[in-house]
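Since the structure comes first, as structure tokens, the remarks are kept for the end.
Here is how names work: the chains are called A, B, and so on, in the same order as the sequence lines, proteins then strands, and each is numbered from 1.
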Amino acid sequence: MTEITLADVEAAVKTIAATALKNEQYFCELDSYAGDADFGVSLASGFRAVEQDWQALDRSSIGAFLLKISLIISKNVGGCSGPIWGTAFMRAGALSKDRTSITLEDLDKMLTAAIEGIQKRGGAQLGDKTLLDALIPIRDIVHDSAGKPGADARDVLKRATAAANEAIERTKNLVAKRGRQQFVGDRSIGTPDPGIVAIATMMNDLCAQFGVAKPAPNEN
Amino acid sequence: MTEITLADVEAAVKTIAATALKNEQYFCELDSYAGDADFGVSLASGFRAVEQDWQALDRSSIGAFLLKISLIISKNVGGCSGPIWGTAFMRAGALSKDRTSITLEDLDKMLTAAIEGIQKRGGAQLGDKTLLDALIPIRDIVHDSAGKPGADARDVLKRATAAANEAIERTKNLVAKRGRQQFVGDRSIGTPDPGIVAIATMMNDLCAQFGVAKPAPNEN
Amino acid sequence: MKKFVNDPAKFVPEMLEGIALANEGRLKYEPRYNIIYRADRPSKDHVSVIQGSGSGHEPAHVMTVGPGMLDAASPGNVFAAPPMEYCLECIKLMNSPKGVLVLINNYQGDRMNWDMAIEMAEAEGINVKSFIIDDDVAVQNSSYTIGRRGVAGNFFVMKACGAAAERGASLEQLLDVAKKVNANVRSMGVALTSCTPPAKGKPIFEIGDDEMEVGVGIHGEPGRRRDKLKPADAIVDEIFDAVSKDLPFKSGDRVALMINGLGGTPPSELYVLYRRAAQRAKGLGLNVVRNYVGNYCTSLEMAGASLTLLKLDKEIEDLLAAPAEIAVRVF
Amino acid sequence: MKKFVNDPAKFVPEMLEGIALANEGRLKYEPRYNIIYRADRPSKDHVSVIQGSGSGHEPAHVMTVGPGMLDAASPGNVFAAPPMEYCLECIKLMNSPKGVLVLINNYQGDRMNWDMAIEMAEAEGINVKSFIIDDDVAVQNSSYTIGRRGVAGNFFVMKACGAAAERGASLEQLLDVAKKVNANVRSMGVALTSCTPPAKGKPIFEIGDDEMEVGVGIHGEPGRRRDKLKPADAIVDEIFDAVSKDLPFKSGDRVALMINGLGGTPPSELYVLYRRAAQRAKGLGLNVVRNYVGNYCTSLEMAGASLTLLKLDKEIEDLLAAPAEIAVRVF
Ligand SMILES: Nc1ncnc2c1ncn2[C@@H]1O[C@H](COP(=O)(O)OP(=O)(O)O)[C@@H](O)[C@H]1O
Ligand SMILES: Nc1ncnc2c1ncn2[C@@H]1O[C@H](COP(=O)(O)OP(=O)(O)O)[C@@H](O)[C@H]1O
Ligand SMILES: [Mg+2]
Ligand SMILES: [Mg+2]
Ligand SMILES: [Mg+2]
Ligand SMILES: [Mg+2]
């Protein structure tokens, strides 16, 4: 199947919300090595609010739904994560305003818009050791199969997850160049970036959610 | 001999000054259990100044000499020790203004005046667990032999030292009622009073100085 | 954790409630968005000067709300920039026909949240401008940095802008004041201990009993290096040199000199530091016409201090001398 | 020892030098006797109000020298009353035809040194009177005590007497003011950590990571009991009850409420405490017309706080509202 329905999007958001809450302590821990140890709390405070408002969320379209998520994040999340995640959901939502299902092409465009929004907001580039180092490879994999006949969203998810996992190791030894981390300079070398780990963890939980076998390490 | 000369008094003061400096840390330690840990520093700061001014000290009489000691202490010692030790030397000095030698009767009167001065200044009584619990027994022993035919100052020193040593044990389990110690209330039980220990230590060093065999424990 | 705290999640709201209770009639509190604001603002005759960054730096910034200084502040959680919506609501609440000036310390989180809020406020037709404060010389050399951090020097920007706004300055004029003060202020700090955000419950970094962090950030970010503890004078000498050489400050300059406590260092030690700093300033031929010794921008209960030098001109000197009445008072 | 200090023996003199350097022209420094005094005092038209106790409580007392508060202070070493001669020289230096008032915290060492100095000053024909401050309710029940300790409440006695003296009150009138304020002020403190006098280099008492000392003295003297750490509100409730029941304070009373930091506790936590204290005061029907939140009487870098309530009447309220300009300034 290549169609992604509103129900799929809802399920996906519910899944990553659960990921954020389950890993609150762990994500703080990751942020404490080179950052200021609040990433887990910031992310969780946003997705906890999402869960609280869950019933009341606007479900008239995928876009309306994502924009609401963006607003909840902007309202509850401080630090760098608020603007980054809020911007991402806003940009993605803007492109799916009155759609109740989207294709991989749409998803490609939405991810690209989200990435551009994050870059405009925070000025980070690929290789700056931020969650973009996970998001961009994910988008590229979606892009490759977008429009390809017989492309399967579940297969795309599997390969994208592998790419996200890979990003953790690949960026581990880079120097963080954004957020509070940047001030640590070289001290950030060797510690994984919390944002990248968060994206990868969410991707793996999405695999479980959609019954896709988690990719083995380095499978691609 | 029953005569105590200006030279003896000088030697005695030099001895207790040395005692105060040698034991600075130890006396602070004692004051730290139930007090504010400054007794050693306070006492030492006074007697250090005495040693520094030693050459210049007025030696025209025993009284003049003791009054000068009192002034140096009042100038350099804070806390309770300044007024207590300063008052003691002042009162003793006032009674030996133009004397170059004194008898045991004189010493008895001088100690009594010092004790009364301390009590007037700080309001402590025998049994309040202050250095008075050592000074008063010392005075009593001097008093007994004062004027007695054949009384020997060196023998008096020995017995007075024994009494001071005894005071430490006797008062150990009392509740301190003066100085910072008082606020500790029952927590002062079981710890010796720094002032009493200081007096006893000085007496033992005086025995050594004047070639008197230190009394065996509980000898009297 | 040796702290006076109830539910750690409520630490900031309860602090703000305390500020409001201590300033009834003068300051108001909007609990939904962590906003403390002047009861007599916004005013159509005055630009509103506002601030909002992570909590844990008190009195910066929320305790400097009051006549002659900030008109409002919307702090985030401890060490976390306020959510975009707090910033937006703070701008809206202080919207004045003369405009709104947002003073931002140079941290990515603070900048991104305020930038978004400002974009949205402008979309709603609000006249709002922002200014970035970056006075910390410690990390100037980290090439890829988004720039220097904003630390205790922000006090002078807030004080000068607050005084000018009180006198009716325009938004453009205030931006010039902020620019001038920020261009002439330099700071650097030293930490002797770490500190513990209530929600974290553990120190944000480890440091040995005989160590200090030279050039520490106000969120405990590492500075230039970890070093053995040194005598007070040697510590002042190092940060004084780093700060004074940066502008550079020159003989004959009229300056304000600040020794800022990071939260856990008592007044007695701050004056021991000030002694040396004043001696060094004299040695350099600086004319210290205003001095500040106390807690101005803290890192929770961190033991440590920072030194700030501000080069004065008539205008700034006059603005610093203007009266102000804020939450933090000695009387 | 995590402190900014050079030679520990010089800690107090160097702090005093720092105060003098920060107040050139306004305050003078007499290094021989640790005296910081107003450049414009003594004055033949004003009673001189002076103080002198152990150091380590800054801003009390030496940093409160200035117009409207103390005319001079002669502190001793950290936690040690000043030597008699310092006291005597301070009295002589501030000798005024209108007289000299010595404010003394109720500690044996302070009392004895000042008593001796006053006797000698009187012998020299100086008109000097003293007043003993004892506002700490924590140890009221230790039978053999020489009385309550003097703690943060001394701020109000100094402030009121300073303001009255500035207005030309007579020595007798000042004694009445001091008496009235002291009779209506009550305090109690809680320590979360110990503190380390520079010369000692070690904490003055041990306390567990989960413990607090309820009713602690400002020299770390034990209070009522050692207890497990409690939430901020529970701590405030206990000391508020102890303090408010002592006078007792009654519904309708106009009061000043102070949350005093013991040195190592940051402003954020003090306002969390103030929040509850203000709520409790309202609950009791007290009318808090003046509040004070900050470091007024510290114990070096001790983490902890004390609560002080002062019952006001028109005269005291008016004296507290009078301006004062002291070493410790926010501006
Ligand atoms: N400019 C940026 N662009 C993209 N992602 C960023 C940027 N800055 C930080 N991040 C991501 O956010 C994470 C940190 O988030 P968080 O801890 O909430 O922010 P802060 O640094 O303000 O405490 C980092 O791990 C990184 O992946
Ligand atoms: N009122 C008093 N009368 C006599 N001796 C006293 C009195 N108060 C204290 N002392 C003695 O002084 C000693 C403490 O001296 P010190 O530590 O210098 O004073 P402080 O208690 O002010 O720190 C005590 O051990 C006690 O022997
Ligand atoms: Mg972070
Ligand atoms: Mg002592
Ligand atoms: Mg953060
Ligand atoms: Mg003492």
Heavy-atom closest pair (A/G78 atom, C/N113 atom, distance to 0.1 Å) is C-ND2, 4.2 Å
Exercise. Using a cut-off of 6.0 Å, state whether more than 12 heavy atoms not belonging to C/K28 lie near its atom NZ.
Key: no
Assert top hit (heavy-atom pairs under 4.5 Å, partner chain C, pool A/S42, A/P83, A/A37) equals A/P83
Contacts of A/Q209 meeting side chain to side chain donor-acceptor pair (under 3.5 Å) (sequence neighbours excluded), chain-then-number -> none
Whatever's closer than 4.5 Å to a heavy atom in chain C on A/V77 counts as backbone
Applying a strict 4.5 Å limit to non-hydrogen atoms, the region of A/L71 in contact with chain C is neither
Applying side chain to side chain donor-acceptor pair (under 3.5 Å) to C/N34 and not counting sequence neighbours gives none
If one checks every heavy atom of C/N77 against chain A at 4.5 Å, the contacting part turns out to be neither
Among residues 116-126 of chain C, residues within the sub-4.5 Å heavy-atom range of chain A, in order of number, are C/M116, C/E119, C/M120
task = Using a cut-off of 6.0 Å, state whether more than 12 heavy atoms not belonging to A/K22 lie near its atom NZ.
result = yes
Checking heavy-atom separations under 4.5 Å from chain C, one finds in residues 54-67 of chain A none
Value for CD (C/Q108) from CZ (A/R121), rounded to nearest 0.5 Å, stands at 11.0 Å
Evaluate whether atom CG of C/D209 has more than 12 neighbouring non-hydrogen atoms of other residues, nucleotides or ligands under 6.0 angstrom away. no
Of the listed C/M84, C/E89, C/M112, the one with the largest count of heavy-atom pairs under 4.5 Å with chain A is C/M112
Spell out, as yes or no, whether a donor-acceptor pair under 3.5 Å connects the side chain of C/E85 to the backbone of A/N76. no
**Prompt:** Between A/K75 and C/P83, is any pair of side-chain heavy atoms under 4.5 Å apart?
**Reply:** no
*Start with the C-alpha gap between A/S32 and C/K202, add the side-chain angles, then the distance that decides, and say whether side-chain contact (heavy atoms from CB on, under 4.5 Å) holds.*
CA-CA 10 Å; A/S32 71; C/K202 298 195 259 76; over 6 Å; no
